[in-house]
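Every number for a ligand or one of its atoms is a count from 1 in the order of the listing. Scope of the values below: all heavy atoms of this structure, side chains included, with no hydrogens, waters or symmetry mates.
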Amino acid sequence: MQQDNQPSCEAFRAGFVSMIGRPNVGKSTLVNELIGQKITITAPRPQTTRHRIHAIKSTSCYQIVLVDTPGLHQGIRKSLNRYMNRAAKSALVDVDAVVFVVEANKWTREDEAVARLLSDVKVPIIVAINKVDRVKAKYDLLPFIEKVANKVKAKAVVPVSAYRKINLDALEQEIVACLPEQPAIFPQDYVTDRPTRFLVAEIIREKLMRYLGDEVPYGTTVEVEQMQWDEAAQRWVIHATIMVERTGQKAIVIGEDGRLIKKIGTEARQDIINLLDARVHLELWVKVKSNWSDDDRALASLGYNEV
Ligand SMILES: Nc1nc2c(ncn2[C@@H]2O[C@H](COP(=O)(O)OP(=O)(O)OP(=O)(O)O)[C@@H](O)[C@H]2O)c(=O)[nH]1
Ligand SMILES: [Mg+2]
């Protein structure tokens, strides 16, 4: 359990708070920084997050259940994209507050669409203007703050930098103020509602998002086929399959002389070791499953089926 630095509090608060915004604004990075632990994957390209993921922070005074969501996007009409947008929109229901994450000094059509969507939301909205580390002088941000405040009926607008950890305490306090007084929802030591197998598959997918160029990562997904503790070797044995849509993509994922898949495996293994705090043997396979990202049945069989 993480300790807060407040010695006392009047009444315990707990609740769900969704992180909503267009792709690549830093929602997942913010979630990890607020929780103080890496729960959800991040990458420099849009549409990294594909599922709704709960990340939980418990202190002696409150429990925040942050709901990370896929970036709301337009223009791509595959089944996977529809699933992702549905997963994000579903996180606007049954929550106690919404954090609308935007990028400093960058307002796009997709932000506009999110703002419109939020106009129907009944719970408090906090706007987090992320990536302020990129803004040279503070006053350069003032017109943007005003613009955003005109677009959304926000309870608070908080400029932050997830990357440089700027103003995250202020954002956290705004979030806590929105939580109802009630007992903790999850046990105090829970950091996510997702099973370990899911987190392992996500770690591998993060490396694909980070190391594959162009459109290739959007045609990949990861399934953990086997995850067992080997008592004799005192290590986890994990077999995972990287699904691609075409034979050409398979060759790209494997890379020349298998170099890319090796790099993906090495980096993923290290993160999985950190997650499980134990030794890990990781084996990766690459399989072609044609058109999985635009086929509702294939999607469901690959775990894209909860909304
Ligand atoms: N400069 C800067 N970069 C940031 C900050 N926060 C996040 N980033 C970067 O922005 C990129 C996107 O971050 P993510 O957290 O994956 O963004 P996201 O909103 O979850 O994206 P999707 O899951 O695709 O919707 C990554 O390269 C992050 O390192 C920040 O405060 N400052
Ligand atoms: Mg994300």
Side-chain angles (χ1 to χ4, degrees), residues 17-55 66-76 78 80-92 98-111 113-115 117-118 126-136 138 140-141 144 157-172 192 194 198-199 201-203 205-213 215 217-218 220-222 267 271 293 304:
V17 178
S18 290
M19 308 294 273
I20 297 283
R22 69 168 160 83
N24 208 41
V25 290
K27 298 177 295 299
S28 302
T29 312
L30 255 181
V31 166
N32 290 335
E33 289 302 332
L34 288 167
I35 299 297
Q37 194 173 330
K38 181 163 172 168
I39 305 286
T40 176
I41 65 169
T42 66
R45 42 173 59 228
Q47 295 168 33
T48 297
T49 305
R50 289 182 182 165
H51 301 272
R52 221 178 33 221
I53 297 166
H54 291 164
L66 288 176
V67 187
D68 190 20
T69 66
L72 280 159
H73 58 286
Q74 300 172 321
I76 317 166
K78 286 190 169 190
L80 175 62
N81 300 92
R82 283 197 295 273
Y83 168 85
M84 288 161 66
N85 279 337
R86 256 193 338 266
K89 285 178 189 167
S90 71
L92 293 173
V98 170
V99 177
F100 177 19
V101 185
V102 298
E103 200 174 318
N105 290 348
K106 202 171 164 193
W107 183 265
T108 70
R109 270 181 42 224
E110 283 181 323
D111 290 304
V114 180
L117 193 68
L118 293 181
I126 300 164
V127 178
I129 301 182
N130 192 30
K131 308 196 185 183
V132 294
D133 54 288
R134 289 191 180 159
V135 181
K136 284 198 186 73
K138 270 189 185 162
D140 285 345
L141 198 59
F144 187 76
V157 179
V158 190
V160 295
S161 165
Y163 192 61
R164 297 255 176 246
K165 305 184 194 345
I166 298 168
N167 228 14
L168 297 182
D169 280 351
L171 177 59
E172 186 166 335
T192 182
R194 291 287 185 168
F198 173 87
L199 301 178
E202 285 287 274
I203 287 171
R205 205 168 61 73
E206 178 182 79
K207 307 311 167 199
L208 297 169
M209 290 302 293
R210 289 188 179 188
Y211 296 124
L212 291 171
E215 293 306 304
Y218 299 108
T220 66
T221 190
V222 176
E267 292 221 359
D271 282 10
S293 72
Y304 298 86

Worksheet, complete the sentence: If we number the atoms of ligand 1 from 1 as shown, the ones under 4.0 Å from a heavy atom of A162 are 6 (N), 31 (O)
Practice prompt. Could you give me the CA-CA distance, side-chain angles and deciding distance for M19 and L34, then say whether side-chain contact (heavy atoms from CB on, under 4.5 Å) is met?
Written response: CA-CA 11 Å; M19 308 294 273; L34 288 167; 4.3 Å; yes
Practice prompt. Could you check atom 27 (O) of ligand 1 against the protein and tell me its nearest heavy-atom contact, residue, atom and distance included?
Written response: P44 CA, 3.2 Å
Discussion item. At less than 4.0 angstrom from any non-hydrogen atom of N24, what atoms of ligand 1 do you find?
Written reply: 11 (C), 12 (C), 17 (O), 18 (P), 19 (O), 21 (O), 22 (P), 24 (O), 25 (O)
Practice prompt. Taking only heavy atoms of G71 into account, list the atoms of ligand 1 that are under 4.0 Å away from them.
Written response: 25 (O)
Worksheet item: Quick one: do the D111 and T108 side chains pair a donor with an acceptor below 3.5 Å?
Response: yes
Practice prompt. For residues V160 and V132, determine if any side-chain heavy atom of one lies less than 4.5 Å from a side-chain heavy atom of the other.
Written response: no
Worksheet item: Considering only heavy atoms from C-beta outward, does the side chain of Y218 approach that of P46 to under 4.5 Å?
Response: yes
Worksheet item: Measuring to the Mg ion (ligand 2), does T40 have an N/O/S atom at a distance below 2.8 Å?
Response: no
Worksheet entry | Sub-3.5 Å N/O-N/O distance, Q47 and ligand 1 | yes
Discussion item. What I want to know is whether T69 and ligand 1 share at least one N or O pair that is separated by under 3.5 angstrom.
Written reply: no
Discussion item. If you apply the rule side-chain contact (heavy atoms from CB on, under 4.5 Å), what do you find for Y163 with R134, and how did you get there?
Written reply: CA-CA 10 Å; Y163 192 61; R134 289 191 180 159; over 6 Å; no
Item to complete: Could you list which atoms of ligand 1 come closer than 4.0 Å to a heavy atom of S161?
Response: 30 (C), 31 (O)
Worksheet entry | atom 14 (P) of ligand 1 [closest protein heavy-atom partner, distance rounded to 0.1 Å] | T29 OG1, 3.5 Å
Worksheet item: Which is it for N130 and ligand 1 at heavy atoms under 4.0 Å: side chain, backbone, both or neither?
Response: side chain
Practice prompt. Evaluate the criterion side-chain contact (heavy atoms from CB on, under 4.5 Å) for residue pair K106 and K131; output intermediate values, then yes/no.
Written response: CA-CA 10 Å; K106 202 171 164 193; K131 308 196 185 183; over 6 Å; no
Worksheet item: Within the structure, does P46 bring an N/O atom to less than 3.5 angstrom of an N/O atom in ligand 1?
Response: no
Discussion item. Check this for me - ligand 1, G26, N or O atoms closer than 3.5 angstrom, yes or no?
Written reply: yes
Discussion item. For L212, is there any backbone N or O sitting under 3.5 Å from a side-chain donor or acceptor partner on K207?
Written reply: no
Discussion item. Out of K165, R22, K27, K131, who is nearest to atom 25 (O) of ligand 1 when you count heavy atoms only?
Written reply: K27
Discussion item. If the cut-off is 2.8 Å, does any N/O/S atom of T29 fall short of it from the Mg ion (ligand 2)?
Written reply: no
Worksheet item: With side chains defined as the heavy atoms from C-beta onward, is the minimum distance between E206 and T48 less than 4.5 Å?
Response: no
Worksheet item: When I129 is tested against each of N167, L141, V25, V158 for side-chain contact (heavy atoms from CB on, under 4.5 Å), which residue passes?
Response: L141
Practice prompt. Could you tell me the residue and atom name of the protein heavy atom closest to atom 30 (C) of ligand 1, and the distance to it rounded to 0.1 Å?
Written response: Y163 CB, 3.1 Å
Worksheet item: Side chain, backbone, both or neither: which part of R134 comes within less than 4.0 Å of ligand 1 when only heavy atoms are counted?
Response: side chain
Fill in: Options P70, A43, S28, ranked by nearest heavy atom to atom 16 (O) of ligand 1, top entry
A43
Worksheet item: Hey, is D133 touching ligand 1 through its side chain, its backbone, both or neither, going by heavy atoms under 4.0 Å?
Response: side chain
